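Read the structure below first, then the notes.
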Amino acid sequence: MTDNTLLNDLQGRGLIAQHSGDIDTLAEHLQPPRTLYCGFDPTADSLHIGHLVPLLMLKRFQLAGHRPVALIGGATGMIGDPSFKATERSLNTAETVDRWIQSISHQLSHFINTDKTNNAALIANNGDWMAGMDIMSFLRDIGKHFSVNAMINKESVRQRIERPDQGISFTEFSYSLLQSYDFTELNRRYDCTLQIGGNDQWGNITAGIDLTRRLNQQSVFGITLPLITKADGTKFGKTESGAIWLDPHKTSPYGFYQFWLNTADADVYRFLRYYTFLSLKEIQQIEQDDQQRAQKPEAQRILAEQMTRLVHGDCALEQAQRISSALFSGQVEDLNQAEFQQLEQDGLPCCEVSLPMTLTDLLVSSDLASSRRQAREFIAAGAVQLNGVTATDADQAITQAVALHQRFVLLRRGKKQFTLACLNQS
RNA sequence: GGUGGGGUUCCCGAGUGGCCAAAGGGAUCAGACUGUAAAUCUGACGCGCGAGCUUCGGUGGUUCGAAUCCACCCCCCACCA
């Protein structure tokens with residue numbers, strides 16, 4: 001074991017998948033303050049929970065006294081990282097990427113402290129140095145240090161090279177050079193000596209370490225974080241409706257809270273270690289308590305609370321919990337009008353509907369069913385609840401009399417899908 | 001530019017003139033069991049109450065009838081220049 005508190009904690013959490021060099025050298029190097037970075041390519045208008053582990057890792061380093069740099073891939077995002085991607089991706093326009101850079105940099109600043117402390121975080125953009133680079137400098141000064149022989153042997157591009165039905169363009173193949181140069185440039189500008197990233201970034205990170213040694217004569221380090229897996233083998237971070245975003249307009253705090261609440265028992269203690277700032281000791285205690293109780297575990301609730309508070313704040317957490325308890329307790333008729341309106345504001349999926357309309361129509365217009373046929377099937381299967389009561393008649397007319405407070409119809413399809421339909425008064 | 005291989009319903013993938021709304025698998029959804037878990041079992045899975053209608057890269061054509069045949073076009077991949 002090393003005598004570095006931060007590294008010990010990270011190892012205990014299982015947050016270190018690979019690291020360059022030997023652990024003692026790394027531990028010795030990591031005496032604060034050091035500068036480290038992690039890259040985030042703009043591939044959408046928001047970060048999602050897949051980005052959260054490295055982002056929180058930056059925060060862990062900052063809390064330990066180091067200076068984090070969140071690097072936005074303004075340049076690399078224009079290219080597309082081929083690492084472990086099965087197929088070539090289509091390019092996004094510069095305007096689109098620019099828009100995404102804006103929203104992502106805004107999000108990043110919520111997680112790492114950029115206030116003027118002595119280890120204030122920086123948010124940088126590799127477009128700043130890549131945009132001005134000319135092709136000759138790129139090929140002569142950077143490209144010369146890379147061996148194509150070595151590049152094609154990397155595991156990260158193997159399937160693109162070996163699979164008979166797939167290829168890789170020069171554009172994507174060059175990605176690794178750009179990311180490598182980022183490390184060198186950040187080392188030059190900010191004395192950055194550590195890059196962290198997902199385990200799929202290992203190849204890119206080691207390439208950056210090599211390039212920095214050659215161009216700057218500096219020895220720098222890399223740490224990769226584990227790929228987040230689920231015990232049942234399905235992909236983490238995706239639900240039927242897509243990725244779990246950090247942007248509350250794309251994934252509501254309620255949906256975010258529910259996502260974590262639904263974590264499988266087999267994953268939940270691991271996720272507490274990966275994602276929360278609870279100490280290892282506290283997490284161990286939670287696990288012990290759950291085992292002794294031998295009932296429904298508390299860990300999911302704690303995880304959901306921690307994460308929703310961390311990403312969306314106390315107020316949003318409260319709202320998410322309020323919706324959750326109202327919906328899953330089944331006591332909807334007890335809610336008063338103001339509380340219904342609150343649910344609407346808190347991010348429960350809602351729809352406005354105009355009468356007259358049957359229950360079947362209502363399910364379709366509320367998006368709980370994709371077609372009338374499907375709506376009928378749900379009703380026939382007993383999967384639909386109307387204000388907490390199982391519905392049986394597909395042709396039931398929706399009227400103000402059915403609605404609570406003459407206006408609200410809470411629909412439930414299956415166990416977890418809720419939509420609040422608000423009747424139009426017209 | 002040349003040669004070869006491809007583009008099928010969310011994904012993979014079978015289908016080479018009628019028996020095809022299209023095998024099989026995956027994903028997803030629902031029901032039962034539960035803890036808003038897991039595992040398991042059952043069912044649904046283009047649209048329509050239905051007769052039926054609209055799909056198999058695009059456009060035309062052949063045919064009583066086309067995802068399947070023909071022509072042209074678009075796109076992807078591999079190899080060679």
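Since we're looking at a predicted model, the values are computed, not measured.
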Categorize A:A383 for me: base, sugar-phosphate, or nothing, with a 4.0 angstrom heavy-atom threshold over every strand shown.
sugar-phosphate

Any base atoms under 4.0 Å from A:Q300, or only sugar-phosphate, or nothing? Heavy atoms, all strands.
base

Separation between the [atom1] atoms of [N] and [M], rounded to whole Å:
N	M	atom1	result
B:A37	B:A44	P	23 Å
B:C10	B:G61	P	27 Å
B:A67	B:C20	P	13 Å
B:C47	B:A23	P	15 Å
B:C49	B:C56	P	24 Å
B:C74	B:G60	C1'	15 Å
B:U16	B:U63	P	23 Å
B:G26	B:C75	C1'	26 Å

Please check: side-chain N/O of A:S103 versus main-chain N/O of A:D45, any donor-acceptor pairing under 3.5 Å?
yes

So what's [N] paired with, Watson-Crick or G-U wobble, going by both distances under 3.5 Å?
N	value
B:C47	B:G52
B:A71	B:U59
B:A14	none
B:U3	B:A78

Let me confirm one number: the CD-OG1 distance from A:Q258 to A:T308, rounded to the nearest 0.5 Å.
9.5 Å

Measure the distance between the ring centre of A:F378 and the centre of the six-membered base ring of B:C29, then answer whether it is under 5.5 Å with planes under 30°.
no

Face-on cation placement of A:R412 at A:F418 ring, 6.0 Å and 45° thresholds:
no

Within 45° of the six-membered ring axis of A:F277 and under 6.0 Å from that ring's centre, is NZ or CZ of A:R60 located there?
yes

Out of [options], whichever nucleotide has its closest atom nearest the side chain of [X]:
X	options	answer
A:P297	B:U36, B:G35, B:A37	B:G35
A:E377	B:G31, B:A44, B:C49	B:A44
A:A381	B:A44, B:U36, B:G31	B:G31

Atom-pair distance ([atom1] on [X]; [atom2] on [N]), nearest Å:
X	N	atom1	atom2	result
A:I379	B:G43	CD1	C1'	17 Å
A:E298	B:G35	CD	P	15 Å
A:Q258	B:G35	CD	P	17 Å
A:D361	B:C49	CG	P	9 Å
A:R413	B:U28	CZ	C1'	10 Å

Is A:K415 side chain donor-acceptor paired with the B:U34 base, going by distance under 3.5 Å alone?
yes

Is A:R373 side chain donor-acceptor paired with the B:G48 base, going by distance under 3.5 Å alone?
yes

Would A:T5 and A:N8 count as a side-chain hydrogen bond (donor to acceptor under 3.5 Å, both in side chains) here? Give the steps.
CA-CA 5 Å; A:T5 317; A:N8 283 340; 5.9 Å; no

Does the ring center of A:W245 lie less than 6.0 Å from the ring center of A:F256?
no

